[in-house]
Amino acid sequence: MVPNFQIHSKEDYHRIYEQSRLDPEGFWKRIAEEFYWQKKWDKTLEWNFDAPEIKWFAGGKLNITENCIDRHLADKSDQPAIIWEPNNPSENTRTISYKELHNDVCKFAWVLQKNGVKKGDRVLIYMGMVPELAMALLACARIGAIHSVVFGGFSAQSISDRLHDAKSEFIITQDGTYRGAKVIPLKPTMDDALVNCDFVKKVFVLARTNNPVSMIRDRDVWLEEELSGVSEEDFPAEIMDAEDPLFILYTSGSTGKPKGVVHTTAGYMVWTAYSFSNVFQYQPGEIHFCTADIGWITGHSYIVYGPLCMGATSLMFEGIPTYPDAGRFWEIVEKHQVNILYTAPTAIRSLMAFDKNHIHRNNLDSLRVLGTVGEPINEEAWQWYFKNIGKEECPVVDTWWQTETGGILISNLADITPAIPTMATLPLPGVFPLLVDESGKEIAADSEKTVSGNLCIRFPWPGMLRTTWGDHERCRTNYFATYPGLYFTGDGAMRDPQGNYRITGRVDDVLNVSGHRIGTAEVENAINMHTGVTESAVVGYPHDIKGQGIYAYVIFNHLHVDEEVTRRDLLETVTRVIGPIAKPDKIQFVSGLPKTRSGKIMRRILRKIAEGETENLGDTTTLLDPQIVEEIVKGKM
Ligand code: WTA
């Protein structure tokens, strides 16, 4: 069934947007009524962006898994909830119906309960893209435990930081995962993270790759063995408050270590379902293929919660787009008759480079909607996607959002509102963006010209973050203090006279590398851990495939005679501290960094040099040592 809240025309969109503006509470109340509640809420919205304190549907009682699974059992019990495509195309696909998903999630929840997991406990999940990962999230939600998924590419150190930050006493992991031609060990990395960590009570291990693992007595258990011993009965869903935390997901900011963004139950559920249904215009029976990893927010919201809440069929892919060859996505599209393909510009750019035969080999007629997310999409990639994959018949939805926003905030709606290449276009109903200048002054709408500024949101939406785990003040200073009374996104944007937004990218020290968010401060901290490093500065530069590359300027005290050896050691250090995704693309050794007299690194100059600009570096006279700029320009990588 198509929900009542699905928007059917452009006029409908404008009318509904206006409704949401005039009466946001009434608007969200009507939408929330289409979900399954154990008890209806008392107050639709209470909010204050200064504290910040945001409550949606306060007093309401529900469990998100009853909305994602149980309520579909009446009419969709045999419909596939999840279709799983393995890394290796010769291995069998798995199809899990809603009835089977219910059974599997209940069993998983019994296992967690039997091993002592309770409502409110934090469970860290470190897995590959297998159906059990989706089930792990849902089993936590069923029991009321808070999941904290860590992307499988992060290092032991990164796991350990997240484990300690949220004091997660339970872990769900697997022996290893397949990624293209490689086997990535996961449990061994987890073991490194757990050295000297005595608060972890249980580690559940899924067998997938059969790489050697050490199983510690009384702590580590094989998931399969546990599952075989539990009841087949329904696991009664824990009754949750609307504002009980559903999960924590760590994400990079401009300073310090990644912070744990907290999403709560009801608002997140309503937002992911509403945005999924409207942006993609999901129709019953369609196959939705989101290529993200569940380790990131896109996978949480548009592989697991949004689609399942709408009773959709969600396709999960274990591997990578270029294995066994660059035709893998297109093969999957044909094999499973995919209707909606949702991927990242970086994947599109990397596939564009390959021979078109990879596309023509497969019939892509089943596709109806194409989506992109994660970074600004360049015109060339947009056109390639639209022409070669969509055959000029599928709308491309350019969806802008963030880990913190829970779901899509600005996007065209497939075939409802117009797609404009490289523009995210219009806000969803209930989303009220504005642009401000450096001083926080609103940049007024201009009916003649395009304006630009820093992107903020002036009113809460149900899916927004509520806090950062264990440090509410950090949430306030990061998002609500820069411009009082507004949520600041960290992005810059332009807006045309018709109100369409183009997101231009981060205006803070956060990089977006292949759609992955990485803080420059994090990479610097990692590099500085190397004993030979005196100081470093990391900036981004334009990269054809990754969108942004990582450029590191490093002061090293005793360079190895072969600079490459030192570079290799630094890459190894970053891999150990953060993970391979944060490895700098370029490392330039320098004897000093451009600093102001007060000791502040002039990143603006370093950014320009990394971008290839060697003149017009701006005013360098205020620098402590203007000479250094010349030296850096000469040694540019
Ligand atoms: C960027 C990913 C341009 C943006 C869902 C944002 C985008 C950051 C788009 C969040 C888009 C995401 N166009 N930029 N369509 N979508 N971004 O938290 O800079 O991993 O702030 O969430 O990605 O990244 P995150």
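Numbering of ligands and ligand atoms starts at 1, following listing order.
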>> So if I count the atoms of ligand 1 from 1 in the order they appear, which ones are less than 4.0 Å from some heavy atom of T399?
In response: 9 (C), 11 (C), 15 (N), 16 (N)
>> Taking the ring centre of each residue, are H147 and H300 less than 6.0 Å apart?
In response: yes
> Is it the side chain (CB and beyond), the backbone, both or neither of Q402 that lies under 4.0 Å from ligand 1, heavy atoms counted?
Replying inline: both
> Cation-pi between R328 and F317: NZ/CZ under 6.0 Å from ring centre and within 45° of the ring axis?
Replying inline: no
>> Taking only non-hydrogen atoms of G374, do any sit less than 4.0 angstrom from ligand 1?
In response: yes
>> Here's a test for you: under salt bridge (charged side-chain N to carboxylate O under 4.0 Å, His left out), which of E380, E375, E379 qualifies with R349?
In response: E375
>> Classify the ring geometry of W28 against W271: parallel below 30°, tilted from 30° to 60°, perpendicular beyond 60°.
In response: tilted
> Is any N or O atom of E404, backbone or side chain, closer than 3.5 Å to an N or O atom of ligand 1?
Replying inline: no
> For atom 19 (O) of ligand 1, which of D491, N512, T251 has the closest heavy atom?
Replying inline: D491
>> For atom 3 (C) of ligand 1, what is the closest protein heavy atom, and at what distance to 0.1 Å?
In response: P376 N, 3.1 Å
> Which one of Y487, W47, F49 satisfies the ring-ring contact (aromatic ring centres under 6.0 Å, His included) criterion with F459?
Replying inline: W47
> Please state which protein non-hydrogen atom is closest to atom 13 (N) of ligand 1 and give its distance, to 0.1 Å?
Replying inline: E375 O, 3.4 Å
>> So if I count the atoms of ligand 1 from 1 in the order they appear, which ones are less than 4.0 Å from some heavy atom of I503?
In response: 3 (C), 14 (N)
>> For the OH atom of Y483 and the CG atom of L434, what is their distance to the nearest 0.5 Å?
In response: 10.5 Å
> Which ligand 1 atoms does R506 reach within 4.0 Å, using its non-hydrogen atoms?
Replying inline: 19 (O), 21 (O)
> Considering only protein heavy atoms, which is closest to atom 24 (O) of ligand 1, and at what distance to one decimal place?
Replying inline: R517 CD, 3.3 Å
> Just wondering, are more than 12 heavy atoms of other shown residues or ligands nearer than 6.0 Å to NZ in K546?
Replying inline: yes
> Pick one: which of F432, Y479, F488 meets side-chain contact (heavy atoms from CB on, under 4.5 Å) with C456?
Replying inline: F488
> Among W401, W296, Y302, which residue places a heavy atom closest to atom 12 (C) of ligand 1?
Replying inline: W401
>> Taking 4.0 angstrom as the limit and counting only heavy atoms of T403, give me the atoms of ligand 1 inside it, by number and element.
In response: 18 (O), 20 (O), 22 (O), 25 (P)
> Short list, please: which atoms of ligand 1 are under 4.0 Å from a heavy atom of V373?
Replying inline: 5 (C)
> What is the minimum heavy-atom distance between Y302 and T272, and which atoms define it?
Replying inline: CE2-O, 3.9 Å
>> If we set the cut-off at 4.0 Å for heavy atoms, which region of T298 has an atom near ligand 1: side chain, backbone, both, or neither?
In response: side chain
